[in-house]
2 protein chains.
Amino acid sequence: MSDRENMRDRIKQATAEVFGERGYDGARMQEIADRAGANKTMIYYYFASKEALFTAIFSENFAALFQLFNSILQVEAVDPKVVIPQLVHLHLDFLSRNPELPRMIIREIQSGNPVVEKLVQSSFSRFGSQLQTLREEMAVAIREKRLREVDPLQTVWNIVALNIFIFIVRPILSAAFPDEFADAGRMLAEREKAIVDLMLYGLVPRQEA
Amino acid sequence: MSDRENMRDRIKQATAEVFGERGYDGARMQEIADRAGANKTMIYYYFASKEALFTAIFSENFAALFQLFNSILQVEAVDPKVVIPQLVHLHLDFLSRNPELPRMIIREIQSGNPVVEKLVQSSFSRFGSQLQTLREEMAVAIREKRLREVDPLQTVWNIVALNIFIFIVRPILSAAFPDEFADAGRMLAEREKAIVDLMLYGLVPRQEA
DNA sequence: GTCTATAACCGGATAGAC
DNA sequence: GTCTATCCGGTTATAGAC
């Protein structure tokens, strides 16, 4: 029973891996079965089809990501020096536990799968109201000189862009800079530091001529 | 003759589009033919196979991108206030002319295609020496207080991350924020401004308490 | 160079035994 | 719940006429 007891979960795990690596179209049911240590037919015992399997795994992961985003955006006092390090850390931590998720989302987002469309729609409609709150908080922070005069939406995009980058291009980067990627934990820590530093202070020195 | 004269080029253009949208595995030779206004057989008249077609288009685009990177990195004086706006503008301009390229690269980079592997290897080995030069230039700039004490490699990653972001997640963003994406030119200009502003100054105000 | 028809193959899905 | 054997549709690729 040790391994065999939760075949369904092992299939889900294998599915996430293979879809993340190969994309929906490139994924083979046979490979998913192999990695789960199962017979191909077993997948069809638990899931109706490849499409249904994908939808289940994608929905689950996408929901988890947006749950994180929503909890992250519940910020009371917008002082960048306090908030930014927290935000970056939470997001990177989540991503390092789901490293294949960004590539999967990016790959499959324009697949035409109606479930995916609906998921994006509903996630972002909730996200919209959160964003409005953030706008107001940031406007206050700007007036009180705790924050430079920046656009809230662009700022959110910037954080996300910087955070997801290494996960999205990991295959390129680890081939191009093997030294930096030899120790994944160390690399992630350095990346986190660099992102926070950029977000807070930019490149131009404080004391100018 | 008007349209028909350079069928080969139209096939290449259609290929880039379809591979960008659907990925290698999702792309259908029939759809490429349709978009090129050609018969499917014509593709095989000009290219040996789907694989060969992909390799040709990928190599070409990837080479163009790295040519840009190399020309961009030939920077004499590293004063961020001068260099950053130029870098960001050149990169975004290139990307807006090849909007499908980042997604295509990210999708296909771990495909196992040996041509892709070799391309990445050779591109980055040349990039490596450029990076060494950049390190030295930046070290000087830091000593002379024109630049904050930042890591050169991380800084390059940051610029690339911020620049490619909207192209990579465009399908999500245009669905989630239709207003912002209604006018593509205006959106790109605002994005450029936001990236340069962040890179230079970060979020923390200059004059502190 | 361009087309129609078709071969060859592959991968998702199912039937049915145990 | 798990397995073997097989079907069927779709996709790349080619043969061969014009």
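Every chain is numbered from 1, with letters handed out A, B, ... down the list of sequences.
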Is any side-chain heavy atom of Asn113(A) less than 4.5 Å from a side-chain heavy atom of Tyr24(A)? no
If I take atom CZ in residue Phe54(A) and atom C1' in nucleotide dG12(C), what distance separates them, rounded to the nearest angstrom? 16 Å
Ring pair (Phe, Tyr, Trp, His ring centres under 6.0 Å) with Phe124(B): which of Phe62(B), Phe69(B), Phe66(B)? Phe66(B)
Rounded to the nearest Å, what distance is computed from the NZ atom of residue Lys40(B) to the C1' atom of nucleotide dA13(D)? 8 Å
CG of Leu53(A) versus P of dG11(C): gap in Å, rounded? 17 Å
Can you tell which of Leu95(B), Ile106(B), Asn163(B) makes a side chain to side chain contact (heavy atoms under 4.5 Å, CB included) with Ile168(B)? Ile106(B)
For atom CD of Glu51(A) and atom C1' of dG12(C), their distance in whole Å: 12 Å
With heavy atoms under 4.0 Å as the rule, sort Ala27(B) into base, sugar-phosphate or nothing. sugar-phosphate
So what does Ala33(B) touch, heavy atoms closer than 4.0 Å: a base, only the sugar-phosphate, or nothing? nothing
Gap between atoms CD1 and P, on Ile32(A) and dG11(C) respectively (whole Å): 13 Å
Taking only the side-chain heavy atoms of Tyr44(B) (C-beta and beyond), determine which of dT2(D), dG12(C), dA13(D) contains the nearest atom. dA13(D)
Quick one: Asn6(A) CG to dT2(D) P, roughly how many Å, whole number? 11 Å
Donor-acceptor pair present, Thr41(A) side chain and dT4(D) base, under 3.5 Å: yes
Nearest whole Å is fine: how far is dT2(D) C1' from Ile11(A) CD1? 11 Å
Have a look at Met42(B) and say if it touches a base, only the backbone sugar-phosphate, or nothing, with a 4.0 Å heavy-atom cut-off. base
Contact class for Tyr46(B) (heavy atom, under 4.0 Å): base, sugar-phosphate, or nothing? sugar-phosphate
Candidates dA13(D), dG12(C), dT2(C) - which lies nearest the side chain of Arg28(A): dG12(C)
Any salt bridge linking Asp197(A) with Arg148(B)? Criterion: basic side-chain nitrogen under 4.0 Å from a carboxylate oxygen. yes
Ile43(A) has an atom CD1; how far is it from atom P of dG11(C), in whole Å? 14 Å
Which of the following nucleotides, dC3(D), dG1(C), dT4(C), is nearest to the side chain of Asn39(A)? dC3(D)
For Tyr45(B), is the NZ or CZ atom of Arg8(B) found under 6.0 angstrom from the centre of its six-membered ring and inside 45 degrees of the ring axis? no
